[in-house]
Amino acid sequence: QLQLVESGGGLVQPGGSLRLSCTSSTNTLDYSAVGWFRQVPGKEREGISCTTSGVITNYLDSVEGRFTLSRDYAKNTVYLQMNSLKPEDTGLYYCAADIPPCTDSPGDFGSWGQGTQVTVSS
């Protein structure tokens, strides 16, 4: 299993932006499928976006056009840029990794970070 660490969460006003980071200090992420998930209150964990082999797949319609996944191979880091944040985006955000391919199913990922809290509130 990979050891993953997320960072970048926090409190932001509606309409604001945050950039989440996911990295591993122990393993390269180069050959893994790396996905971003979130768990908002009252809902099951849901897949947002995933990348593998240079391809990015977006899964969550409610964040389309607002959230963007990117990857920096040199820094061994995968980012989730979140713009135009809404109160309903409040939740715990996780990155996860496993062997390819990408999916939006949490059960397909064996390595998880501890999560980073995102709170959107005025």
Side-chain angles (χ1 to χ4, degrees):
Q1 288 189 339
L2 299 176
Q3 294 183 13
L4 302 173
V5 178
E6 304 101 334
S7 61
L11 173 64
V12 64
Q13 292 187 341
S17 297
L18 287 173
R19 188 177 76 161
L20 307 183
S21 300
C22 171
T23 191
S24 174
S25 61
T26 57
N27 305 87
T28 179
L29 298 176
D30 287 3
Y31 310 110
S32 298
V34 182
W36 281 101
F37 294 79
R38 73 180 186 183
Q39 188 150 19
V40 301
K43 296 183 69 175
E44 295 186 353
R45 194 170 299 186
E46 55 189 357
I48 301 170
S49 187
C50 181
T51 183
T52 185
S53 301
V55 176
I56 296 171
T57 305
N58 299 312
Y59 297 110
L60 196 58
D61 291 342
S62 62
V63 306
E64 185 69 27
R66 300 189 296 121
F67 290 11
T68 304
L69 185 152
S70 63
R71 191 168 193 167
D72 187 329
Y73 286 93
K75 294 183 177 180
N76 201 36
T77 301
V78 177
Y79 302 99
L80 185 68
Q81 178 67 43
M82 306 187 296
N83 298 327
S84 302
L85 283 160
K86 303 176 180 181
E88 52 264 41
D89 294 319
T90 294
L92 265 173
Y93 285 69
Y94 300 88
C95 69
D98 212 304
I99 58 174
C102 276
T103 81
D104 63 345
S105 174
D108 291 335
F109 289 80
S111 298
W112 290 84
Q114 80 286 354
T116 185
Q117 176 68 37
V118 172
T119 303
V120 185
S121 175
S122 55

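All residue numbers refer to positions in the sequence shown, counting from 1.
Between the side chain of D72 and the backbone N or O of T77 there is no donor-acceptor pair closer than 3.5 Å. Remark: the backbone N or O of Q13 is not paired with any side-chain donor or acceptor of S122 at under 3.5 angstrom. Although no hydrogens or angles enter the test, the distance criterion places a donor-acceptor pair under 3.5 Å between the side chain of Q114 and the main chain of E6.
Here the closest non-hydrogen pair linking S17 and S84 is OG-N, 4.3 Å. The shortest non-hydrogen separation linking L69 to V34 is CD1-O, 4.3 Å. Here the shortest heavy-atom pairing between R66 and L85 reads NH1-CA, 3.8 Å. A pairwise comparison of heavy atoms in L4 and S111 identifies CD1-O, 3.5 Å as the closest pair. Minimum interatomic distance between T103 and F109 (heavy atoms only, all atoms of both residues): O-CE1, 3.4 Å. Taking each heavy atom of R38 and I48 in turn, the nearest pair found is CB-CD1, 3.9 Å.
W112 and F37 have tilted rings, their planes meeting at an angle from 30° to 60° on a 0 to 90° scale.
Here the NZ atom belonging to K86 is positioned 7.5 Å from the OG atom belonging to S62, to the nearest 0.5 angstrom. From L11, atom CG reaches atom CD of Q117 across 9.5 Å, with rounding to the nearest 0.5 Å.
Both L60 and W36 are part of a single hydrophobic cluster, where members link through side-chain heavy atoms under 4.5 Å apart. No continuous path of hydrophobic side-chain contacts links V120 to Y94 [ILVMFWY only; heavy atoms under 4.5 Å].
Taking the side chain as every heavy atom from C-beta outward, I56 and S49 approach each other to under 4.5 Å. Two residues are said to be in side-chain contact when any heavy atoms from C-beta on lie closer than 4.5 Å; D89 and M82 fail this criterion. Contact annotation: the side chain of E64 approaches that of N58 to within less than 4.5 Å [non-hydrogen atoms, C-beta and beyond]. Residues S24 and N76 form a side-chain contact, since some pair of their non-hydrogen atoms from C-beta on lies under 4.5 Å apart. Counting heavy atoms from C-beta outward, C95 and V78 have side chains that stay 4.5 Å or more apart.
Residue Y59 forms a side chain to side chain contact (heavy atoms under 4.5 Å, CB included) with just one option from T57, D61, V63, and that option is T57.
In this structure, Q81 places its CD atom where more than 12 heavy-atom neighbours from other residues, nucleotides or ligands lie under 6.0 Å away. Counting non-hydrogen atoms of neighbouring residues, nucleotides and ligands closer than 6.0 angstrom, the OH atom of Y31 reaches no more than 12 such neighbours.
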### Working for side chain to side chain contact (heavy atoms under 4.5 Å, CB included), residues D108 and D98
CA-CA 7 Å; D108 291 335; D98 212 304; over 6 Å; no

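With a 6.0 Å cutoff to the six-membered ring centre and a 45° limit on the axis angle, R19 counts as a cation-pi contact of Y79.
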